[in-house]
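All ligand and atom numbering here is 1-based and tracks the order in the structure.
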Amino acid sequence: MQGIDLHTHSNISDGTLTPEQLVSAALELGIHTLALTDHDSMDGLIKAEQFAKNQPIRIISGSEISSQWARPATKKSYGVHIVALNMQNPAPLLKVLDEQKRIRAERAKQICDLLIPLIGQDIYADVLLKVDGIADHITRTHIAKTLVEKGIVSRAQQAFDKYIKEGKKAYVKFDGLCLEETIKVIHESQGFAVLAHPTRYGLSATNVRYMIELFANAGGDAVELPPNIEPLSTRQMVDRIIAQFNLKVSVGSDYHGENMPWIKLGNIPRVKEGQVGIWESFR
Ligand code: AMP
Ligand code: MN
Ligand code: MN
Ligand code: MN
């Protein structure tokens, strides 16, 4: 099972390596199966595939789709990332990603506008420089980095904590697809739907379970295993829920290059006996 990484970012979103550099780094590490899963985009796929040609590595098509789910009782909605993998007929997904990109571009401008009275300047033009002028590639990571470079905060994490994470003044919700719609379009594209990093949304254990149950009931295929740095109890909780809902598992590092230097490409958690990897279903 070594040599697989099914969750990675290039500079098409908030990673720092180009798709080609990412494939090159993966080859050096002996990775033989690599999914490029940029946020709401598949724009790096062709570059990665071309670079991988005649090399001992298989590129799996992918995208990490900004989605949401809600608890009917409270009507509160929560953000969730669904990783789409191995699409055989990407057209339906690509169409939906166009709309997600429009939302992403608009939201970046809204966040920068909300920041103006808080920091006394408009950083939108500088943020745009970080993505070569392609507004739909902007993530909050780019906004956080710009705030660091301007000396407004000392670290990217501080930018989230002070301004742009949920509950803060310059937070703008990503008003995209709901979890059920995302799974449906992934299946229409003949791909697999993976619930990304279930324990990284700041949810209570009850809500993690509820979210995975919704995902399973909507036909979701697999849940990403928590990284090794998370406590054993967290992993055990996720293992239990995965087993209960009969879901497959996925493994990915969520590599972001130098934007998150503590995350290493190819560093994935071990699959437990009895768990079935989604990669075994790849077509
Ligand atoms: P976006 O899709 O624009 O909302 O940006 C999401 C990216 O921002 C995620 O992929 C993470 O890399 C990063 N991110 C989200 N929340 C936080 C947080 N609380 N602290 C640091 N980075 C975060
Ligand atoms: Mn990211
Ligand atoms: Mn994510
Ligand atoms: Mn990711």
Side-chain angles (χ1 to χ4, degrees), residues 4-19 22 26 34-45 48 60-69 78-85 97 100-101 103-105 107-108 111 127 130-131 134 136-148 155-157 159-160 164-166 171-174 176-177 179 182-183 186 192-203 208 211-212 215 220 222-227 229-230 238 250-269 278:
I4 300 184
D5 195 331
L6 301 178
H7 187 160
T8 67
H9 296 271
S10 75
N11 67 353
I12 296 294
S13 63
D14 54 352
T16 54
L17 300 186
T18 63
L22 180 68
L34 176 77
L36 175 60
T37 57
D38 280 311
H39 294 287
D40 301 297
S41 177
M42 292 190 20
D43 292 355
L45 178 64
I60 303 297
S61 62
S63 182
E64 183 173 12
I65 305 167
S66 310
S67 311
Q68 44 189 335
W69 64 275
Y78 301 87
V80 60
H81 287 173
I82 307 291
V83 170
L85 292 177
L97 289 182
Q100 295 278 107
K101 287 177 181 177
I103 294 167
R104 180 170 284 286
R107 167 175 171 263
I111 295 172
V127 173
K130 294 209 161 301
V131 289
I134 308 172
D136 55 48
H137 288 178
I138 302 174
T139 68
R140 283 183 294 160
T141 306
H142 298 105
I143 295 171
K145 271 181 89 175
T146 306
L147 288 170
V148 173
R155 289 176 304 111
Q157 185 59 52
F160 278 92
I164 60 175
K165 76 175 184 189
E166 187 165 4
Y171 174 73
V172 180
K173 184 181 150 204
F174 195 110
L177 293 172
L179 179 146
T182 303
I183 294 168
I186 293 170
F192 300 102
V194 175
L195 179 60
H197 45 66
T199 51
R200 289 295 181 88
Y201 301 105
L203 297 170
V208 170
M211 172 181 69
I212 297 176
F215 176 81
V223 172
E224 221 170 66
L225 294 173
I229 48 163
E230 289 194 31
V238 173
S250 186
V251 289
S253 62
D254 206 3
Y255 179 69
H256 280 75
E258 284 311 304
N259 278 342
M260 296 174 199
W262 58 91
I263 298 177
K264 302 298 175 199
L265 184 61
N267 183 15
I268 50 161
I278 190 67

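Side-chain N/O atoms of Asn11 and Thr16 include no donor and acceptor closer than 3.5 Å. Of the N and O atoms on the side chains of Gln100 and His39, not one donor lies less than 3.5 Å from an acceptor on the other residue. A donor atom on one side chain and an acceptor atom on the other are found under 3.5 Å apart for Ser66 and Asp40.
Contact check for Leu195 versus Glu224: no side-chain heavy atoms found under the 4.5 Å cut-off. The shortest distance between side-chain heavy atoms of His197 and Asp254 falls below 4.5 Å.
Remark: Ser250 pairs with no residue by the side chain to side chain donor-acceptor pair (under 3.5 Å) rule, at least two apart or across chains.
Minimum-distance N/O/S atom of Asp14 relative to the Mn ion (ligand 2): OD2.
Note on the Mn ion (ligand 3): protein N, O or S atoms under 2.8 Å away count 3, no waters included.
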